[in-house]
Colleague: 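Structure in structure tokens, see below.
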Amino acid sequence: MLGLLINEKEVKEVEYLIKREMDEILFDLKDNRIDQVVKRAMEERYKILFSLFKRVAPAKECLKYTRSTNQRKEKKG
């Protein structure tokens, strides 16, 4: 296990960067031109980013980025 000591300003910056990356992934998942194999990799990346996001963001912000099972199935179909 690793630890990281950062100040409040740095927490906000990390939160912002992760949110922007997750927004990009969500946008790209809607693109029908992207192959399903690539979308699966994007889903995995989203899961990793979201787990990091949960560590720095308030619960209210996390709810905005929580994806339901229905959302994942719609993207695959």
Colleague: Using the rule that two of Ile, Leu, Val, Met, Phe, Trp, Tyr join whenever any of their side-chain heavy atoms come within less than 4.5 Å, decide whether L63 and L49 are in one cluster.
Modeller: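 In one cluster with L63: L49, no.
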Colleague: Quick one: closest heavy-atom pair of C62 and K54, and the distance?
Modeller: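 Closest approach of C62 to K54: SG-CA, 3.7 Å.
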Colleague: When you compare the side chain of L26 with that of R67, does any pair of heavy atoms fall below 4.5 Å?
Modeller: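 They are in contact (side-chain heavy atoms under 4.5 Å apart), so the answer is yes.
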Colleague: How would you list, by chain and number, every residue that makes a ring pair (Phe, Tyr, Trp, His ring centres under 6.0 Å) with Y65, sequence neighbours excluded?
Modeller: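 With sequence neighbours excluded, Y65 shows a ring pair (Phe, Tyr, Trp, His ring centres under 6.0 Å) to F53, given in chain and number order.
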Colleague: Can you tell me how far the CG atom of L29 sits from the CZ atom of R40, to the nearest 0.5 Å?
Modeller: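 The CZ atom of R40 is 12.5 Å from CG of L29, to the nearest 0.5 Å.
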Colleague: Looking at residues at least two apart in the chain, or sitting in another chain, which of them share a salt bridge (Lys or Arg N to Asp or Glu O under 4.0 Å) with E8?
Modeller: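 E8: no salt bridge (Lys or Arg N to Asp or Glu O under 4.0 Å) contacts found.
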Colleague: Is a donor on one side and an acceptor on the other found under 3.5 Å between the side chain of E21 and the backbone of I18?
Modeller: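 No: the side chain of E21 does not pair with the backbone of I18.
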Colleague: With sequence neighbours excluded, what pairs up with K19 under the side chain to side chain donor-acceptor pair (under 3.5 Å) test?
Modeller: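 Side chain to side chain donor-acceptor pair (under 3.5 Å) list for K19, sorted by chain: E61.
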Colleague: Taking only residues two or more places apart in sequence, or in another chain, which ones meet D28 in a salt bridge (Lys or Arg N to Asp or Glu O under 4.0 Å)?
Modeller: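 Testing D28 for salt bridge (Lys or Arg N to Asp or Glu O under 4.0 Å), a comparison that skips the adjacent residues, returns none.
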Colleague: On a heavy-atom basis, which atom in I34 and which in K39 lie closest, and how many Å separate them?
Modeller: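 Heavy atoms only, the tightest pair is O-CE, 3.5 Å.
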Colleague: Nearest 0.5 Å, please: how far is CZ in R20 from CD in E24?
Modeller: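 E24 atom CD to R20 atom CZ measures 9.0 Å (nearest 0.5 Å).
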Colleague: Which residues pass the side chain to side chain donor-acceptor pair (under 3.5 Å) test with D35, sequence neighbours left out?
Modeller: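 D35 satisfies side chain to side chain donor-acceptor pair (under 3.5 Å) with no residue once adjacent residues are dropped.
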Colleague: Test of understanding: with side chain to side chain contact (heavy atoms under 4.5 Å, CB included), list the residues that count as partners of R55, not counting sequence neighbours.
Modeller: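 Scan of R55 (side chain to side chain contact (heavy atoms under 4.5 Å, CB included), adjacent residues dropped) gives none.
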Colleague: Decide whether L4 and L52 are clustered together by the hydrophobic rule: side chain heavy atoms of Ile, Leu, Val, Met, Phe, Trp, Tyr closer than 4.5 Å, transitively.
Modeller: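 Same hydrophobic cluster.
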Colleague: Take E44 and K47 through the test salt bridge (charged side-chain N to carboxylate O under 4.0 Å, His left out) and record every step on the way to the result.
Modeller: CA-CA 5 Å; E44 287 300 314; K47 289 177 189 176; 3.4 Å; yes
Colleague: Members other than L17 in its cluster, when Ile, Leu, Val, Met, Phe, Trp, Tyr link by side-chain heavy atoms under 4.5 Å?
Modeller: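 Its cluster partners, ordered by chain and number, are Y16.
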Colleague: Locate the shortest heavy-atom distance separating R45 from I25; write the atom from each residue and the value.
Modeller: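 Scanning both residues, the minimum pair turns out to be CG-CD1, 3.8 Å.
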